[in-house]
Amino acid sequence: MAAALITGSARGIGAAIALRLAEDGFDIALNDISQEMFENNDIADKIKAKGVQCEIFICDVSDHAQCESTVKAVKARFGSIDVLVNNAGITRDGLMARMSEEQFDSVIAVNQKSVFNMTKFAGSVMMRQKSGRIINLSSVAGVYGNPGQINYSASKAAIIGMTKTVAKELGSRGITCNAVAPGFIKTPMTDKLTDAQREAMINQIAMKRYGEVEEIAGVVSFLASKDASYVTGQVIEISGGLMM
Ligand code: NAP
């Protein structure tokens, strides 16, 4: 059976992706930064109910050494890593003039450096397998920019460059690397927005609604499937027609 590792998958988009890949038949390696995230949380049980294996690997994805040992542990548990979804991400919003160095650095570390960390180690497993799928969570903020998010949009734009670089470096080994760029999706991350911010956002969306986490998971499922075997280095916006 093939295995998928999804970072930041205790909740939100990551949990929806994990559930969808379980439905597709993958064994699932869940990850989040603390065990507490999985307490009072039935994501692992829901995955096992799909008839696949599931295990939780706690790791701070911004930490290079922790990522190395997590990848080793996932490989030892499942025998292969066929899909890596770099999903973990944070926001520390603020206008540039008022943003602290800590706000900037923490977002770059969790959103951007994590992609290097995980892809380096899981990519090396995939190179030995001569197959693998890497799917990165970018954002429309990384494509178009967003006021109040110089840190976040920098990290998400970097992910696009990293996606194309990895696609070029690993393509000859049968490994694809693509990114999805969600727009405004209903999750705890976007629950933090004010009503006014939400209203302003909806006005710019052609479909006049927020996206659902399952709508991101569906595209990730496609990128992990046989049907996407010749798709690499691409960025797919999933935004209901935001900012066309
Ligand atoms: P979310 O609900 O906040 O989930 C992200 C998960 O990642 C959380 O469980 C979080 O744990 C975990 N995490 C944070 N730092 C971590 C670390 N250092 N190591 C391991 N796990 C860590 O976010 P989401 O809305 O589902 O977003 C998922 C991804 O999609 C992110 O990369 C985000 O940037 C991207 N995205 C989301 C939207 C949207 O509208 N929601 C739009 C575009 C892109 P803690 O809660 O403990 O921090």
Side-chain angles (χ1 to χ4, degrees), residues 5-20 29-41 43-44 56-71 74 84-93 105-119 134-146 148-149 151-160 162-163 179-193 197-198 201-202 204-205 209-217 219-220 235-240 242-243:
L5 165 60
I6 304 105
T7 68
S9 46
R11 67 171 192 208
I13 293 172
I17 291 171
L19 202 56
R20 177 60 196 265
L30 292 170
N31 154 261
D32 221 286
I33 191 164
S34 75
Q35 188 66 40
E36 274 166 36
M37 296 292 295
F38 291 99
E39 283 159 17
N40 304 316
N41 174 338
I43 182 66
I56 294 167
F57 297 84
I58 299 303
C59 152
D60 176 352
V61 291
S62 67
D63 185 302
H64 198 66
Q66 284 188 35
C67 289
E68 181 173 26
S69 43
T70 297
V71 165
V74 174
L84 166 67
V85 184
N86 284 307
N87 166 80
I90 58 169
T91 52
R92 297 286 183 270
D93 295 352
D105 289 347
S106 59
V107 169
I108 298 297
V110 176
N111 295 9
Q112 178 181 336
K113 189 180 168 207
S114 64
V115 174
F116 164 67
N117 291 343
M118 276 296 182
T119 307
I134 300 164
I135 299 144
N136 297 325
L137 270 285
S138 178
S139 165
V140 290
V143 181
Y144 303 105
N146 199 24
Q149 292 198 314
N151 48 2
Y152 185 79
S153 58
S155 71
K156 294 299 180 180
I159 287 173
I160 294 173
M162 294 162 93
T163 299
V180 294
F184 190 69
I185 311 301
K186 259 194 270 173
T187 68
M189 184 178 269
T190 48
D191 284 347
K192 290 188 230 159
L193 298 179
Q197 284 172 317
R198 242 176 247 144
M201 199 60 100
I202 283 209
Q204 297 174 54
I205 302 172
R209 65 171 179 86
Y210 315 132
E212 302 290 338
V213 291
E214 291 78 13
E215 293 176 308
I216 307 303
V219 178
V220 172
V235 183
I236 303 181
E237 284 182 36
I238 314 167
S239 68
L242 177 74
M243 301 192 204

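In each ligand, atom 1 is the first atom listed, and ligand 1 is the first ligand listed. Just so it is clear, the values below take in all heavy atoms, side chains as well, and ignore hydrogens, waters and symmetry mates.
- The closest side-chain donor-acceptor pair between E237 and Y144 falls under 3.5 angstrom.
- For ligand 1, residues of the protein lying within 4.0 angstrom by heavy-atom distance are G8, R11, G12, I13, N31, D32, I33, M37, C59, D60, V61, N87, A88, G89, I90, V110, L137, S138, S139, Y152, K156, P182, G183, F184, I185, T187, P188, M189, T190.
- Side chain to side chain, T70 and N31 fail the donor-acceptor criterion of an N or O pair below 3.5 Å.
- Atom CG of residue N151 and atom CG of residue D105 lie 9.5 Å apart, to the nearest 0.5 angstrom.
- Salt-bridge formation is detected for the pair R209/E215: a Lys NZ or Arg NE/NH1/NH2 atom is positioned less than 4.0 Å from an Asp or Glu carboxylate oxygen.
- For the pair E214 and R20, the salt-bridge criterion is not met [side-chain N within less than 4.0 Å of a carboxylate O].
- Remark: N111 engages I90, V107, Y152, S155, K156 in a side chain to side chain contact (heavy atoms under 4.5 Å, CB included) (not counting sequence neighbours).
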